[in-house]
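These numbers were taken from a predicted model, which means no experiment stands behind them.
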Amino acid sequence: MNDQLNTISHQKDVENCENIGGASCTEEQEALVVKSWNLMKKNAGEWGLKFFIKIFEIAPSAQKLFSFLKDSNVPLEQNPKLKPHAKSVFVMTCEAAVQLRKAGKVVIRDSSLKKIGAVHFKYGVVDEHFEVTKYALLETIKEAVGEMWSAEMKNAWSVAYDQLVAAIKTEMKP
């Protein structure tokens with residue numbers, strides 16, 4: 001897993017992430033995010049599940065962070081709680097990305113953002129988890145949009161994801 005994490009970190013370092021660090025996304029980036037989300041949202045449950053399966057393929061130990069997976073004896077795809085959770089996270093991530101430029105910041109109800117931050121803190125989520133999740137998200141979107149995928153779309157989603165993570169990290173406290 002460390003090799004995969006190092007590869008992912010290296011990929012992040014060489015990517016052109018022009019707007020990281022609090023700046024909003026550009027109109028072009030917004031258009032790419034909106035266009036791809038519109039293509040994915042009708043099957044958000046399936047894409048969300050694929051997203052989480054990718055996370056667990058890259059980092060099997062991440063399953064321990066989810067109480068409903070700890071004692072599960074069924075394959076991940078058949079776990080009755082994983083798909084609804086995966087869809088919820090995928091939709092929240094994508095919807096936050098879509099509204100980023102209009103709002104100029106990540107918009108999730110404050111109470112929800114505080115809860116998300118507190119839960120991530122409680123379960124010991126660290127930077128490496130966010131990197132694996134980002135990689136899995138980008139790979140899922142790439143698969144979902146097919147030929148529409150481009151370096152510009154990857155960058156647009158990277159900017160949006162990084163801003164969402166920054167917002168969650170500000171709420172990661174006991």
Side-chain angles (χ1 to χ4, degrees), residues 1-9 11-12 15 32-34 36-100 106-109 112-146 148-149 153-169 171-172:
M1 183 172 125
N2 281 341
D3 288 343
Q4 287 172 313
L5 290 175
N6 289 337
T7 300
I8 292 166
S9 278
Q11 287 172 341
K12 179 184 178 211
E15 282 175 8
L32 290 168
V33 169
V34 169
S36 53
W37 174 230
N38 285 337
L39 190 67
M40 296 183 289
K41 71 174 143 187
K42 65 182 172 287
N43 295 317
E46 296 305 315
W47 290 117
L49 185 59
K50 286 183 181 222
F51 167 49
F52 268 76
I53 298 297
K54 286 181 191 297
I55 291 170
F56 300 139
E57 286 172 354
I58 296 165
S61 62
Q63 291 180 47
K64 295 176 191 158
L65 298 172
F66 299 89
S67 58
F68 58 85
L69 295 178
K70 284 182 183 169
D71 299 319
S72 177
N73 296 329
V74 297
L76 289 171
E77 297 85 355
Q78 296 171 16
N79 184 294
K81 293 184 178 178
L82 180 58
K83 187 172 181 179
H85 177 76
K87 179 180 180 181
S88 172
V89 171
F90 189 69
V91 168
M92 184 269 306
T93 301
C94 294
E95 290 291 341
V98 164
Q99 59 68 44
L100 188 59
V106 172
V107 175
I108 301 171
R109 286 192 338 247
S112 296
L113 191 56
K114 286 183 186 337
K115 182 179 177 188
I116 292 166
V119 167
H120 282 75
F121 179 83
K122 176 182 173 184
Y123 288 103
V125 175
V126 295
D127 288 345
E128 289 80 10
H129 296 125
F130 287 115
E131 289 303 317
V132 166
T133 302
K134 179 178 180 177
Y135 180 79
L137 177 69
L138 294 173
E139 288 298 305
T140 301
I141 296 167
K142 179 180 179 180
E143 182 182 341
V145 302
M148 188 191 304
W149 185 252
M153 184 175 286
K154 179 180 182 179
N155 190 48
W157 277 101
S158 292
V159 167
Y161 178 81
D162 288 344
Q163 291 192 16
L164 176 60
V165 167
I168 291 170
K169 285 181 177 181
E171 299 299 336
M172 284 180 67

Do you know which two heavy atoms are closest between [X] and [Y], and how far apart they sit?
X      : Y      : value
Val33  : Ser36  : O-OG, 3.0 Å
Val145 : Met40  : CG1-CG, 4.5 Å
Ile141 : Trp149 : CG2-CZ3, 3.6 Å
Ala86  : Gly48  : CB-O, 3.3 Å
Ala97  : Trp157 : CB-CZ3, 3.5 Å

- Message: Strictly distance-based, threshold 3.5 Å: is any side-chain N or O of Tyr161 a donor or acceptor partner for the main-chain N or O of Phe130?
- Response: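 It does hold such a pair.
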
- Query: Counting N and O atoms only, with roles assigned by atom type, does the side chain of Thr93 sit under 3.5 Å from a partner on the main chain of Val89, one being a donor and the other an acceptor?
  - Reply: yes

Side-chain heavy atoms of [X] within contact of [Y], under 4.5 Å:
X      : Y      : result
Gln63  : Leu76  : yes
Lys134 : Val165 : no
Leu82  : Phe56  : yes
Thr133 : Phe51  : yes

- Using a cut-off of 6.0 Å, state whether more than 12 heavy atoms not belonging to Lys41 lie near its atom NZ.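 Atom NZ in Lys41 is crowded, with more than 12 foreign heavy atoms closer than 6.0 Å.
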
- Task: Tell me, yes or no, whether the heavy-atom count around Lys169 atom NZ, taken from other residues, nucleotides or ligands under 6.0 Å, exceeds 12.
- Result: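 Enclosed: over 12 neighbouring heavy atoms sit under 6.0 Å from NZ of Lys169.
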
- Task: Please name all residues satisfying side-chain contact (heavy atoms from CB on, under 4.5 Å) with Ala44, sequence neighbours left out, ordered by chain then number.
- Result: Trp37, Lys87, Phe90, Val91

- For Leu32, enumerate each residue passing the side-chain contact (heavy atoms from CB on, under 4.5 Å) test, keeping only those at least two apart in sequence or located in another chain. Glu152, Met153, Ala156

- Query: Looking at CD of Glu143 and NZ of Lys54, how far apart are the two atoms once the value is rounded to the nearest 0.5 Å?
  - Reply: 4.5 Å

- Query: Between CD1 of Ile58 and CD1 of Ile53, what distance do you get to the nearest 0.5 Å?
  - Reply: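 Those atoms lie 11.5 Å apart.
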
- Using ring-ring contact (aromatic ring centres under 6.0 Å, His included) as the criterion, list what pairs up with Phe68, not counting sequence neighbours. Phe66, His85

- Task: Identify the residue among Gln78, Glu77, Glu46 that makes a side chain to side chain donor-acceptor pair (under 3.5 Å) with Lys83.
- Result: Glu46

